[in-house]
Each structure stands twice: as structure tokens, then as C-alpha cells.
Amino acid sequence: MRVAIIGSGPAGFYAAEALLKRTDTTVDLDLFDRLPTPYGLVRGGVAPDHPKIKSVTRVFASTAARPTFRFLGNVQLGRDVTVEDLHRHYHQIVYATGNETDRRLGIPGEGIVRSTPATVFVGWYNGHPDYRPARFDLSVPRVAVVGNGNVAVDVARILLRSPAELERTDIAAHALAALRESRVREVYMLGRRGPAQAAFTPSELEELGKLEDADPMVDPADLPAAAAGEGRGNLEILRDFAGRTPRPGAKRLHFRFLVSPTQVLADAQGGVAGLELERNRLEPRGDGSLVAVGTGVREVIEVGMVLPAVGYAADRIPGVPYDEKRRLIANDDGRVVDPVTRARMPNEFVVGWARSGPQGLIGEHKRASAQVVAHMVEEAAGVASRPLPPREAIDALLRERGVQLVTFDDWKRLDEVEVERGARRGAPREKITDVAAMLELLRR
Ligand SMILES: Cc1cc2nc3c(=O)[nH]c(=O)nc-3n(C[C@H](O)[C@H](O)[C@H](O)COP(=O)(O)OP(=O)(O)OC[C@H]3O[C@@H](n4cnc5c(N)ncnc54)[C@H](O)[C@@H]3O)c2cc1C
Ligand SMILES: NC(=O)c1ccc[n+]([C@@H]2O[C@H](COP(=O)([O-])OP(=O)(O)OC[C@H]3O[C@@H](n4cnc5c(N)ncnc54)[C@H](OP(=O)(O)O)[C@@H]3O)[C@@H](O)[C@H]2O)c1
């Protein structure tokens, strides 16, 4: 059988591993990515000061070493190759394209200078080529990060870390240079619901209390009384923060709960001057959840930058069915369907965040991708006998279209160069952040 997987993040790699482990048949597997570099958000999302999590790439590299695996980097579905091309050259297709677009707050002033989605900030500090042109004016003393998820925590932490804490990480050189000059002293992390509803995880929250040069600030009045037998969860950690005396001169991270931004205020130059907030209360819904409802009481916090970290969404890819409501690839348990009729799109599957939306950790994709592969196996018998063009015909087609293909061996060369450059500043790597530079280096 021949299978194409589009997207080389965790979900794509775990699906590849599950397919290559099949004992009933040999799978020739081509894993495409629009970037010359593999690993999706493990490279472009996971924070630079969390190197341990990135060691999962060793598992993915061992998948890449399997004899029938090929990486075809620098190939974008919808630009360089179409869904029809894939059907012609493969028996089955798996979309593993993740969630690469930000969700917006939808409030006035959202697009003004220094009001930028956290996705851009994350991509910028991680050296993702899409965000290389981004510029962050870190001359402002106060920043608001909107959201109470782990991405908001990452963003707040990177803003508050000292240059010494960052320089031995694989943070992009341009971001390190800008953060060295940063004048940011206070970060506000804004949750629209209460501390008990926050989405961040205890280990990530706890880390915010251990920064070299920044202290967490929590108003004890925002916290419910401790319940008997309560473990070391978010509330317990926040109570610990609330009881601390901040160090004089340290930067500050203010936790604010039950507030929603209603308007980004502009200064005379059109940049952010402040953020208007509305206080919320919680209201139960029929399904037992608690939603934030505005009280009409407003306040303004004086911040010079706003970074909403309120979630991600899947991009639309030409020829791939898209669920407009859920903002992901339309599917029924990983089988791609027409979003309107729900009719099955034969031989098309989807895994990872493109299938289920932007929730969940890297390790969770292993089981989830294997489940989709089980559906693929069930449906494989009927399609595997269809004759296909020779395996390399897709390479020839792409070259004809002017694509410079990047193989896994090519990636290993880029990897070596990055590791060597990083060693000069005692970092695990220094990323090459420009696709043209990567391709030029490989041509040489
Ligand atoms: C900022 C951030 C930090 C995170 N930190 C952690 C963490 O510390 N620990 C943890 O466990 N989880 C973390 N996560 C969650 C984790 O990254 C995700 O669960 C996981 O990466 C999703 O995997 P995926 O394969 O679905 O998507 P992705 O990892 O996004 O991979 C998608 C891939 O598809 C490629 N692609 C997209 N469109 C196309 C196209 N048209 N053609 C070809 N290729 C395409 C992309 O280039 C990318 O390589 C974090 C997430 C974010 C956003
Ligand atoms: N270190 C790590 O392990 C790590 C790091 C980063 C990301 N991740 C994972 O990646 C996934 C995505 O993380 P994420 O932080 O993007 O998403 P998330 O966990 O879903 O958090 C999103 C946050 O945004 C809030 N929000 C959404 N819409 C809003 C609005 N209109 N106004 C105000 N607030 C709004 C949500 O509040 P409500 O709860 O009220 O909706 C929530 O607090 C998560 O599974 C996360 O755990 C893990």
C-alpha cells in the first residue's frame, strides 16, 4: 500500500509509526510538510525553556529511519500539490495539518499596533519562518496576556524570564536579542472565568512561581476557601502565590480572574494605550458548565501591548472539506466527510488537532492517531490493489513544478548546522528561521 500523510507534527508522526508497524502488509509511507523542517509544534510551539518535552523528536526520528518511510519537506498541500494529485499517487491520504490560525477576541481595536495574537509571538520566539518578519516593541512596561491556558502561561513566562535564563535555550536569535532589550516589568494574565475554571495545568502554573526575576501576584479575595483533602492543584498553587511577599525590584505577573476585554484603547500614534475590561460573574448552564457573563462594570488597565492567547483553529486548505463551525477538517471520528451532507470522502482521513481541535498534549496523539489508523486498516483491503504510478513519480511531478524537495537526510544536515551554531552560545541549537536560507544551504 502507499499512503501520504500531510503534516509532520506529533499526530502525523504517530500515524506514520502505526502504519509502518502493520504486519499484514508493507506500507510505503510519504510524510509531507510545507516546511523544510519536521515536527510541527514540537519545533514551532513548545516553549524554548522546555527542552525535555522536545526529546520526543528522537522517537519520531526512529520512525523516519524505517526503510519504507520518506519525508518530503517544503511541499504545501493546496499550493504545490493538490488533493487530486494525492489520490492519483496514493491509496490513502491522512491530513495531519494541525491548527495554524489564531482565534480572535472580536473586540474593537483588536488589530492595532502592539495588539497581536499570541500565535504570532510564539511563532516569533520559536523561529517559525512564517513569523520571521514579525516585530515586537518590547519598550512598553506593561503587557496584557488574554486567556488562562498553557499558551498564555508560556507567553507570560517568556516575557518575564531574564536573558540569562533564555540564552541557553533554543529561542530564536532575533527574539533573544529583542528580549535582552525588553523593558517589560509587569504582565497581566486575564481569565474570563474564575481560578477554578482555568485551563492551565498545575505543573505549568507552579513554574511561574520559580522565575529568577519575576514574582506572581494573586489577590487572595479571588480564591475560594480551601476544601478538605484538596491536592496540589491550581487553587492550592494560587493560594501559595497569594501568600507571598513579592521581592522588591522583581518583575510582576498579575493574575486577574473574571474579566473579559471589551476594547483595546489606542494612543495618539495608534498603538495600544490600554485595555478596557468588563467584570464577569459565573452562570451555570444546563450541561453543568459555568460560563462568564458580563456585569456591566468596567475598568481600564494601562498596558502598552495586548497578546490574546485564546486558542487556535485549523486553516482552510483548498480541496479539503472544512467544518466552518468547529474550524477543523470535517470528519466523523477521523474519517473525512463532506461538511454539509456528511457523506464520506473515500480514502481520506484526519488526525491530530486538524481532527479534534486545539486541545491536548503531544503524548495523547499516539493513541488517537493509532485509532484512526485502525479505521484505515479496516478500509484498506478494497483499495490496496489499485495500480498506482511508480513511487518516485510524485517527486518528478513536484520538481517539474519547481519545488525543491527536502528529504529526511537533508533535514539531518540542517539539524547538524543548527546544533553546531547553538553550541557557540551554549544552547541546544540555533534555528535557521528562513526557508530560502535553508534551501540555499542544502543546495550548497
Ligand atoms: C504554543 C504551544 C505550546 C505547546 N506546548 C506543549 C508542551 O509543552 N507539551 C505538550 O505536550 N504539548 C504542547 N502543545 C500541544 C502540542 O503542540 C499539540 O498537541 C500537537 O503539536 C498537535 O499535533 P499535530 O500534529 O496535530 O499538529 P502540529 O504539531 O501543528 O503539526 C502540523 C504540521 O502540519 C504542517 N502543515 C500544515 N499545513 C500544511 C499544508 N497545507 N501542507 C503541508 N504541511 C502542512 C505544519 O507545517 C506542521 O508541521 C503546545 C501547543 C502550542 C500551540
Ligand atoms: N506546557 C504544556 O504542556 C503546554 C503548553 C502550551 C499549550 N499546551 C496545550 O495546548 C492546548 C492549547 O492551549 P491553549 O492555551 O491555546 O488553549 P486552552 O487550554 O483551550 O486555553 C484557552 C484559554 O483562552 C480562554 N478564552 C477563549 N476564548 C476567550 C475569549 N473570547 N475571551 C477571553 N478568554 C478566552 C479560555 O477560557 P475558557 O476556559 O473560559 O474558555 C482559556 O482560558 C492545550 O491542550 C494546552 O494544554 C500545553
Side-chain angles (χ1 to χ4, degrees), residues 4-15 31-47 49-54 56 72-81 95-100 102-107 118-119 121-123 125-126 128-130 145-155 157-158 189-194 197-201 203-205 207 257-262 277 280 282 289-292 308-312 314-320 328 350-365 368-369:
I5 299 180
I6 317 300
S8 66
F13 260 106
Y14 282 128
L31 179 59
F32 292 85
D33 204 285
R34 68 186 180 91
L35 294 179
T37 53
Y39 307 142
L41 283 170
V42 180
R43 179 177 164 99
V46 172
D49 56 343
H50 282 173
K52 253 203 213 145
I53 293 160
K54 301 186 195 206
V56 69
L72 287 92
N74 195 36
V75 181
Q76 181 168 329
L77 176 62
R79 182 191 63 188
D80 306 311
V81 72
Y95 304 118
T97 44
N99 275 216
E100 298 203 308
D102 48 86
R103 288 177 187 261
R104 301 279 159 123
L105 290 168
I107 59 170
T119 32
F121 188 63
V122 168
Y125 68 61
N126 273 326
H128 192 296
D130 287 4
V145 178
V146 185
N148 263 181
N150 280 332
V151 173
V153 170
D154 277 355
V155 165
R157 200 178 64 247
I158 295 298
M189 197 151 91
L190 308 173
R192 65 176 166 184
R193 297 191 291 158
Q197 290 79 40
F200 44 63
T201 41
S203 52
E204 320 307 314
L205 178 62
E207 204 180 348
F257 297 101
L258 290 169
V259 285
S260 283
T262 43
L277 305 176
N280 296 330
L282 293 177
S289 64
L290 291 167
V291 292
V310 295
Y312 286 64
D315 281 316
R316 285 173 195 76
I317 301 173
V320 180
L328 38 74
V350 55
V351 293
W353 277 13
R355 168 197 178 198
S356 55
Q359 287 130 28
L361 301 181
I362 292 161
E364 294 168 32
H365 295 291
S369 287

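For ligands, and for the atoms within them, numbers begin at 1 and follow the listed sequence.
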Participant: Is it true that a side-chain atom of S369 and a backbone atom of A11 form a donor plus acceptor pair closer than 3.5 Å?
Facilitator: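 Judged by distance alone, yes, a pair lies under 3.5 Å.
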Participant: Which ligand 2 atoms, with their elements, are less than 4.0 angstrom from a heavy-atom of L361?
Facilitator: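 Every atom of ligand 2 under 4.0 Å from some heavy atom of L361: 3 (O), 47 (O), 48 (C).
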Participant: Determine, considering heavy atoms only, which of I362, N148, N280 sits nearest to atom 43 (O) of ligand 2.
Facilitator: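 The nearest heavy atom belongs to N148.
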Participant: Within 4.0 Å of atom 17 (O) of ligand 2 (strictly less), any protein heavy atom?
Facilitator: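 Flag for atom 17 (O) of ligand 2 set to false, no protein heavy atom closer than 4.0 Å.
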Participant: Please list the nearest protein heavy atom to atom 33 (C) of ligand 2 with its residue and the distance rounded to 0.1 Å.
Facilitator: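 That would be R192 CD, 3.7 Å.
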Participant: Any chance you could lay out the side-chain contact (heavy atoms from CB on, under 4.5 Å) test for V56 and F13, step after step, and finish with the verdict?
Facilitator: CA-CA 11 Å; V56 69; F13 260 106; over 6 Å; no
Participant: Counting C-beta onward and ignoring hydrogens, is there a side-chain heavy-atom pair between I158 and D49 closer than 4.5 Å?
Facilitator: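 SC-SC contact between I158 and D49 confirmed.
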Participant: Using side-chain heavy atoms (C-beta onward) and a distance below 4.5 Å, is T201 in contact with L361?
Facilitator: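 Counting from C-beta outward, T201 and L361 never come under 4.5 Å.
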Participant: Check for a donor-acceptor pair, side chain of D33 on one end and backbone N or O of P38 on the other, with a separation under 3.5 Å.
Facilitator: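 No, D33 side chain to P38 backbone: no donor-acceptor pair under 3.5 Å.
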Participant: Contact residues of ligand 1 with a heavy-atom cut-off of under 4.0 Å?
Facilitator: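 Its neighbours under 4.0 Å (heavy atoms only) are I6, G7, S8, G9, P10, A11, D33, R34, G40, L41, G45, V46, I53, V75, Q76, L77, A96, T97, G98, E100, V122, V151, D154, Y312, I317, G352, W353, G360, L361, I362, H365, given by chain and number.
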Participant: Of all residues at least two apart in sequence or in a different chain, which pass the side chain to side chain contact (heavy atoms under 4.5 Å, CB included) check with Q76?
Facilitator: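 So Q76 forms a side chain to side chain contact (heavy atoms under 4.5 Å, CB included) with R34, R79, D80.
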Participant: Atoms of ligand 2 less than 4.0 Å from Q359 heavy atoms?
Facilitator: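 Near Q359, the atoms of ligand 2 are 45 (O).
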Participant: Tell me whether ligand 2 is touched by G360 - counting only heavy atoms on the residue side and a distance under 4.0 Å.
Facilitator: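 Contact present.
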Participant: I need the contact type for D154 against ligand 2. Using non-hydrogen atoms and a strict under-4.0 Å cut-off, is it side chain, backbone, both or neither?
Facilitator: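 Only the side chain of D154 comes within reach of ligand 2.
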Participant: With a 4.0 Å heavy-atom cut-off (strictly under), which part of A309 contacts ligand 2: side chain, backbone, both or neither?
Facilitator: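 Only the backbone of A309 comes within reach of ligand 2.
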Participant: Go through V310 and L105 one step at a time and tell me if the side-chain contact (heavy atoms from CB on, under 4.5 Å) criterion holds.
Facilitator: CA-CA 8 Å; V310 295; L105 290 168; 3.9 Å; yes
Participant: Please report the C-alpha distance between H50 and E204 in whole Å, then the side-chain angles of each, then the deciding distance to 0.1 Å, and finally whether the side-chain contact (heavy atoms from CB on, under 4.5 Å) criterion is met.
Facilitator: CA-CA 10 Å; H50 282 173; E204 320 307 314; 3.3 Å; yes
Participant: Can you tell me which residue and heavy atom of the protein come closest to atom 15 (O) of ligand 2, and the distance to 0.1 Å?
Facilitator: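 Going by distance alone, atom 15 (O) of ligand 2 is nearest to V151 N, 3.0 Å.
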Participant: Which atoms from ligand 2 have a heavy atom of R193 less than 4.0 Å away?
Facilitator: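 Here the atoms of ligand 2 in question are 38 (P), 39 (O), 40 (O).
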Participant: How close does the nearest protein non-hydrogen atom get to atom 47 (O) of ligand 2, and which residue and atom is it?
Facilitator: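 Its nearest protein heavy-atom neighbour is N150 ND2, 2.9 Å.
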Participant: Could you tell me the residue and atom name of the protein heavy atom closest to atom 19 (O) of ligand 2, and the distance to it rounded to 0.1 Å?
Facilitator: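 Protein heavy atom at minimum distance: A199 CB, 3.5 Å.
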Participant: For G45 and N126, work out which heavy atoms get closest and say how close.
Facilitator: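 Smallest interatomic distance, heavy atoms only, reads O-ND2, 3.1 Å.
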Participant: Do V122 and H128 come within less than 4.5 Å of each other through their side chains, counting heavy atoms only?
Facilitator: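 V122 does not reach H128 side chain to side chain.
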Participant: Using heavy-atom distances only, which candidate in A198, G147, G45 approaches atom 25 (C) of ligand 2 most closely?
Facilitator: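 Selected option, by shortest heavy-atom distance: G147.
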Participant: Specify the protein heavy atom at minimum distance from atom 32 (N) of ligand 2: its residue, its atom name, and the distance to 0.1 Å.
Facilitator: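 Here the closest protein heavy atom is L105 CD2, 3.6 Å.
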Participant: Applying the side chain to side chain contact (heavy atoms under 4.5 Å, CB included) criterion to Q197, which one of V291, N148, L258, L282 satisfies it?
Facilitator: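 Of V291, N148, L258, L282, side chain to side chain contact (heavy atoms under 4.5 Å, CB included) with Q197 is met by L282 alone.
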Participant: How does P358 reach ligand 2, by side chain, by backbone, by both or by neither, if only non-hydrogen atoms under 4.0 Å count?
Facilitator: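 The answer is the backbone of P358.
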Participant: From D154 CG over to F121 CZ, what is the distance, rounded to the nearest 0.5 angstrom?
Facilitator: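 Here the rounded value is 10.5 Å.
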Participant: Is the backbone N or O of G357 less than 3.5 Å from a side-chain atom of N99, with the two atoms forming a donor-acceptor pair by type?
Facilitator: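 Such a contact is absent between N99 side chain and G357 backbone.
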Participant: Numbering the atoms of ligand 2 from 1, which are under 4.0 Å from a heavy atom of W353?
Facilitator: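 Counting from 1, the qualifying ligand atoms are 10 (O), 11 (C), 12 (C).
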Participant: What is the nearest protein non-hydrogen atom to atom 24 (O) of ligand 2, stated with its residue, atom name and distance?
Facilitator: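 Protein heavy atom at minimum distance: V310 CA, 3.5 Å.
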Participant: Look at atom 21 (O) of ligand 2 and say which protein heavy atom is nearest, naming residue and atom and giving the distance to 0.1 Å.
Facilitator: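 For atom 21 (O) of ligand 2, the nearest protein heavy atom comes out as G149 CA, 3.4 Å.
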Participant: Distance to 0.1 Å, residue and atom name: give those for the protein heavy atom nearest to atom 1 (N) of ligand 2.
Facilitator: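 So the nearest neighbour among protein heavy atoms is E204 OE1, 2.9 Å.
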Participant: Check I5, V350, V351 against Y95 for a side chain to side chain contact (heavy atoms under 4.5 Å, CB included) and give me the one that passes.
Facilitator: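 The side chain to side chain contact (heavy atoms under 4.5 Å, CB included) with Y95 is passed solely by V350 among I5, V350, V351.
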Participant: Rounded to the nearest 0.5 Å, how far apart are CG of L35 and CG of D130?
Facilitator: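 These two atoms lie 6.5 Å from each other.
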